[in-house]
Amino acid sequence: MGTLLIRNARLLVTMDADRREIADGAVFVRGNAIEAVGPSAELPATADIVIDARDQIVIPGLVNTHHHFYQTLTRVLPAAQDAELFDWLQVLYPVWARLTPEMAFVSTQTAAAELLLSGCTTSSDHLYLFPNGTRLDDTLEAAAQVGIRFHAARGAMSVGQSQGGLPPDSVVEAEDAILRDTERLIARWHDPDRHAMQRIVVAPCSPFSVSQGLMRDAALLARRHGVSLHTHLAENAKDIAYTREKFGCTPAEYAEQLGWVGPDVWHAHCVQLDEAGIALFARTGTGVAHCPGSNMRLASGVAPIRRMLDAGVPVGLAVDGSASNDSGHLLGEARLALLLQRVANVDRGPGALTAREVLEIATLGGARVLGRDDIGALAPGMAADIVTVPLDDIGMAGALHDPLAALFFCHVPRVRHSIVNGRVVVRDGELQTLELPRHVARHNALARELVAG
């Protein structure tokens with residue numbers, strides 16, 4: 001097995017059990033796993049690949065717990081720029097109905113590249129509509145080529161407008177077909193092993209686009225195969241009103257009734273999760289994907305993340321889809337999360353959420369939400385997912401009093417290096433797995449084609 005050494009880091013932040021922060025730190029990798037972490041002087045001096053991290057901070061690869069990769073094709077559409085969630089969806093559903101397999105493939109590579117360049121080494125993606133022959137396989141193949149660790153969530157919509165749902169009938173699927181394809185994907189792609197690069201998630205889209213029967217059947221299927229469950233929940237006031245009107249309960253009660261709580265489940269947004277819901281999630285270990293940028297963009301509100309953390313709810317960070325954020329910069333998203341909780345908790349003062357807490361959400365928190373104990377920290381036996389960020393950029397000037405805090409309070413550039421599963425995917429700020437200028441040109445051509453119809 002090949003070896004890799006990162007040494008001379010200005011600061012190495014381990015996120016290990018002792019939360020060590022090591023000046024002049026180093027990490028030694030053998031194959032796809034970390035073998036040793038410590039001061040540079042105490043680790044091997046040579047390896048097959050040596051990266052000098054002088055004037056850089058080294059952190060665990062960040063974990064993105066909710067995204068819609070295909071939405072990179074429909075950023076900032078004028079008709080959807082100033083709409084709340086339901087109106088925004090109704091503008092975009094007809095556009096997304098024209099998605100093709102090539103568009104799914106190319107947009108996945110675009111989103112994965114953007115994440116890798118912003119410190120993210122593991123991402124979930126929630127694809128919930130499959131028109132024109134599009135399959136989840138298209139995204140799995142694309143993600144593998146780019147080199148990101150990938151949890152592909154097989155989403156679904158089954159209740160169209162004719163049945164009282166929000167999406168048009170043209171983008172929903174038959175429920176038996178959804179379940180069959182989900183089982184096919186698990187058999188074909190899911191890897192349960194430690195350090196797995198690809199896993200499948202069972203992910204009906206939302207209370208306003210699928211039936212209660214599909215939610216129950218999906219939970220049973222996931223548990224039969226030992227895979228995770230994911231959906232949207234309690235995203236805004238209209239979402240709450242829909243659940244109360246259609247099902248006579250709160251979103252948290254809806255989730256509990258259908259078997260959608262537990263450590264194998266995480267819900268996106270939860271902006272309007274009430275106190276009883278927070279207590280339920282904490283008691284059952286049910287996770288939350290926090291999407292601050294999207295929640296702000298769609299005026300959905302501020303998720304009660306401080307209260308969730310205090311109660312013991314597992315919380316991970318997420319950029320959400322690139323048509324509602326419209327950015328896929330995970331370090332940038334962490335900055336929003338940090339500042340937004342200070343706005344929402346002025347009674348607690350500026351320390352309502354700290355830099356070290358938000359790094360924990362973005363690493364170990366995301367790992368826990370995805371059901372993993374092999375990512376999110378730099379420690380022996382963990383997957384070799386490592387990021388280095390330059391500290392000599394103009395946006396970091398004067399911020400070396402606390403390099404870790406600088407990642408979240410200051411302007412953060414592209415990462416210098418990104419290692420995924422022991423492979424150098426970003427080297428000296430450049431993605432190694434795609435020719436980006438040519439790729440971006442193709443992506444933009446497909447975006448024009450999708451929107452023009």
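Atoms considered below: every heavy atom in the structure, side chains included; atoms not considered: hydrogens, waters and symmetry mates. Numbers here simply count residues along the sequence, with the first being 1. Bear in mind that the values here come from a model prediction, so they are computed numbers and not experimental data.
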His126 side-chain N/O to His68 backbone N/O, donor-acceptor pair under 3.5 Å: no

Side-chain touch Gln341/Glu357, heavy atoms, less than 4.5 angstrom: no

Residue pair Ser40 / Asp24, side-chain donor-acceptor N/O under 3.5 Å: yes

Under the salt bridge (charged side-chain N to carboxylate O under 4.0 Å, His left out) test, residues paired with Asp217 that sit two or more places apart: none

Test: Arg416 and Asp392 ion pair at under 4.0 Å: yes

Pairs where residues 273-290 contributes a residue and the test side chain to side chain donor-acceptor pair (under 3.5 Å) is met, not counting sequence neighbours: Glu275-Arg307, Thr284-Thr286

Interatomic distance, Leu99 atom CG to Ser107 atom OG [nearest 0.5 angstrom]: 6.5 Å

Minimum side-chain heavy-atom gap Pro101-Thr134 below 4.5 Å: yes

Partner set under ring-ring contact (aromatic ring centres under 6.0 Å, His included) for Trp189, not counting sequence neighbours: none

Ile22 vs Pro39 side-chain heavy atoms within contact, under 4.5 Å: yes

Qualifying salt bridge (charged side-chain N to carboxylate O under 4.0 Å, His left out) pairs with a residue from residues 340-353, counting only residues at least two apart or across chains: Asp310-Arg348

Pairs touching residues 135-149 that satisfy salt bridge (charged side-chain N to carboxylate O under 4.0 Å, His left out), sequence neighbours left out: Arg135-Asp137, Asp137-Arg184, Arg149-Asp385

Validation row: Ser228, Trp266 side chains within 4.5 angstrom (heavy atoms): yes

Partner set under side chain to side chain contact (heavy atoms under 4.5 Å, CB included) for Arg180, not counting sequence neighbours: Asp176, Ala177

Under-4.0 Å salt bridge between Arg356 and Asp402: yes

Geometric class of the His66/His269 ring pair [parallel <30°, tilted 30-60°, perpendicular >60°]: perpendicular

Candidate pair Val106 and His443, rule side-chain contact (heavy atoms from CB on, under 4.5 Å), full reasoning: CA-CA 6 Å; Val106 171; His443 180 97; 4.0 Å; yes

pair Val412-Val389: side-chain heavy atoms closer than 4.5 Å: yes

Minimum-distance pair of heavy atoms, taken over all atoms of Ser327 and Val319: O-CB, 3.9 Å

Test item: Leu404 and Ile57 side chains (from C-beta on) under 4.5 Å apart, heavy atoms: yes

ring-ring contact (aromatic ring centres under 6.0 Å, His included) partners of His151, counting only residues at least two apart: none

Check: Thr363 and Leu62 side chains under 4.5 Å, non-hydrogen atoms: yes

Positive for side-chain hydrogen bond (donor to acceptor under 3.5 Å, both in side chains) with Arg194, one of Asp374, Asn32, Asp373: Asp373

Any side-chain heavy-atom pair of Leu136 and Ile200 under 4.5 Å: yes

Leu434, Thr108, Leu115 screened by side-chain contact (heavy atoms from CB on, under 4.5 Å) with Val146, the one that passes: Leu434

Output field: ring centroids His225/His190 closer than 6.0 Å: no

Residue list, ring-ring contact (aromatic ring centres under 6.0 Å, His included) with His67, at least two apart or on another chain: Phe69

Sequence neighbours excluded and cut-off under 3.5 Å, please list the side-chain donor-acceptor pairs for residues 330-340, or say none.
residue : atom : partner : partner atom : Å
Glu333  : OE1  : Asn325  : ND2          : 2.9
Glu333  : OE2  : Gly293  : N            : 2.6
Arg335  : NE   : Phe409  : O            : 3.4
Arg335  : NH2  : Phe409  : O            : 3.3

Partner set under salt bridge (charged side-chain N to carboxylate O under 4.0 Å, His left out) for Arg54, not counting sequence neighbours: Asp52

Polar side-chain atom of Trp96 near backbone of Leu129 as donor-acceptor pair, under 3.5 Å: no

ring-ring contact (aromatic ring centres under 6.0 Å, His included) partners for Phe208, two or more places apart: Phe86

Residue of the set Arg154, Arg188, Arg224 for which salt bridge (Lys or Arg N to Asp or Glu O under 4.0 Å) holds with Glu183: Arg224

For Thr433, side-chain hydrogen bond (donor to acceptor under 3.5 Å, both in side chains) partners two or more places apart: none

